Q: 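Could you have a look at this structure, given as structure tokens, before my questions?
Chain A is the first sequence line, chain B the second, and so forth, proteins listed ahead of strands; every chain is numbered from 1. No hydrogens, no waters, no symmetry mates; every other heavy atom, side chains included, goes into these values. None of these values were measured; they are calculated from a predicted model.
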Amino acid sequence: EIVMTQSPATLSVSPGERATLSCRASQSVSSNLAWYQHKPGQAPRLLFYGASTRATALPARFSGSGSGTEFTLTISSLQSEDFAVYYCQQYHNWPRTFGQGTKVEIK
Amino acid sequence: ELQLVESGGGLVQPGGSLRLSCVGSGFTFSNYWMSWVRQAPGKGLEWVTNINQHGSEKHYVDSVKGRFNISRDNAKNSLYLQMYSLRAEDTAVYYCARDGGVYSNSWNDYWGQGTLVTVSS
């Protein structure tokens, strides 16, 4: 099973600042990586697939990059609605596996 | 508007069974692979199982193999998860999710709100 490791576990950021989230795979997943945003009591929301392909209606302040084992999700200027938990997921091998999540909280 | 609505969650004793349902609307249900993903209390997301458009190909995470069965009824736009021999560690919110890609292993592009399963005596 491919282990996905996200860092940091918690990121404290002020509104308007930049947030950079990392995701590392225990072996190469090529570009078979997705990012999700999850708020308490809500359905998770797809942000990116293919490491950098934007989901429908995703604001331009979000960007995804990386391939192989190292991936990054960047939010250029945090808005109030962006405070949430973010997960990466690989779908290169079975089973699909998620990282443990990065909580982006208000500083 | 695309919607996925889960139902069937509840409290069940260890060793018991439960069947979850998910109804999809706003898209052609029969064209898509579908998945179940769960989240235990205070934990992250865990993919559980998925099924192809015709119900002929299924994949499971090892921890549920032999205990859970995924199925679908395209005439009813419905996805099911039959769970047997439930354990305390199966306690979680279970999400129904649509697979976004054309291959068996892909991302999930739309998710339901989830249904809570609690396994406890």
Side-chain angles (χ1 to χ4, degrees), chain A residues 1-10 21 23 25 27-58 64 66 71 73 84-104, chain B residues 1-6 9 22-27 32-52 57-65 68 70 92-116:
Chain A
E1 165 173 320
I2 297 177
V3 177
M4 306 301 292
T5 303
Q6 293 184 241
S7 60
T10 303
L21 289 67
C23 173
Q27 64 188 78
S28 176
V29 299
S30 186
S31 293
N32 297 313
L33 184 108
W35 287 97
Y36 302 91
Q37 177 192 68
H38 193 197
K39 297 178 182 179
Q42 295 188 18
R45 174 193 181 189
L46 174 70
L47 303 177
F48 292 94
Y49 60 94
S52 60
T53 302
R54 193 178 295 273
T56 304
L58 184 65
F71 300 88
L73 172 67
V85 179
Y86 292 82
Y87 294 95
C88 62
Q89 178 206 39
Q90 67 81 20
Y91 50 91
H92 187 70
N93 281 359
W94 297 104
R96 299 175 192 177
T97 48
F98 290 88
Q100 80 279 17
T102 290
K103 181 180 181 181
V104 177
Chain B
E1 178 192 6
L2 192 152
Q3 278 196 310
L4 295 166
V5 180
E6 304 94 336
C22 168
V23 177
S25 60
F27 66 105
Y32 290 87
W33 283 78
M34 296 294 297
S35 286
W36 289 97
V37 180
R38 66 185 179 183
Q39 184 177 35
K43 304 293 186 182
L45 299 171
E46 179 185 35
W47 173 84
V48 176
T49 179
N50 73 337
I51 187 170
N52 73 347
E57 183 176 343
K58 305 174 185 181
H59 299 269
Y60 298 91
V61 68
D62 282 351
S63 59
V64 308
K65 281 181 183 175
F68 289 13
I70 188 172
V93 175
Y94 284 74
Y95 296 97
C96 166
R98 190 180 83 168
D99 284 14
V102 298
Y103 301 111
S104 60
N105 208 356
S106 74
W107 60 95
N108 296 110
D109 60 355
Y110 289 95
W111 300 60
Q113 297 281 348
T115 186
L116 176 63

Q: Report the option among A/Gly101, A/Pro95, A/Pro44 that has the most heavy-atom pairs separated by less than 4.5 Å from atoms of chain B.
A: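 Highest number of pairs under 4.5 Å: A/Pro44.
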Q: For the CH2 atom of A/Trp94 and the OG atom of B/Ser104, what is their distance to the nearest 0.5 Å?
A: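 One finds 4.5 Å between CH2 of A/Trp94 and OG of B/Ser104.
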Q: How long is the span from the CH2 atom in B/Trp107 to the CD atom in A/Gln90, to the nearest 0.5 Å?
A: 13.5 Å
Q: Looking only at heavy atoms, what is the nearest atom pair of B/Gln113 and A/Ala43, with distance?
A: OE1-N, 3.6 Å
Q: Could you look at B/Thr49 and say if it's the side chain, the backbone, both or neither that has a heavy atom under 4.5 Å from chain A?
A: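 Looking at B/Thr49, nothing touches chain A.
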Q: Select one option (side chain, backbone, both, neither) describing which atoms of B/Asp62 are under 4.5 Å from chain A's heavy atoms.
A: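 Interface part for B/Asp62: neither.
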Q: Applying ring pair (Phe, Tyr, Trp, His ring centres under 6.0 Å), run through B/Trp47 and A/Tyr91 and close with a yes or a no.
A: CA-CA 10 Å; B/Trp47 173 84; A/Tyr91 50 91; over 10 Å; no
Q: Please flag which part of B/Val37 lies under 4.5 Å from any non-hydrogen atom of chain A: side chain, backbone, both or neither.
A: side chain
Q: Under 4.5 Å from any heavy atom of chain A, what part of B/Glu46 do you find: side chain, backbone, both or neither?
A: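 Backbone of B/Glu46 only, per the 4.5 Å heavy-atom cut-off to chain A.
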Q: Around A/Lys103, counting heavy atoms of other residues, nucleotides and ligands shown, do more than 12 lie under 6.0 Å from its NZ?
A: no
Q: When you compare the side chain of A/Tyr87 with that of B/Gln39, does any pair of heavy atoms fall below 4.5 Å?
A: yes
Q: Check the surroundings of atom NZ in B/Lys43: do more than 12 heavy atoms from other residues, nucleotides or ligands lie under 6.0 Å from it?
A: no
Q: Quick check for you: among B/Val61, B/Asn50, B/Asn108, B/Asp109, which has the greatest number of heavy-atom pairs under 4.5 Å with chain A?
A: B/Asn108
Q: Which distance, rounded to the nearest 0.5 Å, do you find between the NE2 of A/His38 and the CH2 of B/Trp111?
A: 8.0 Å
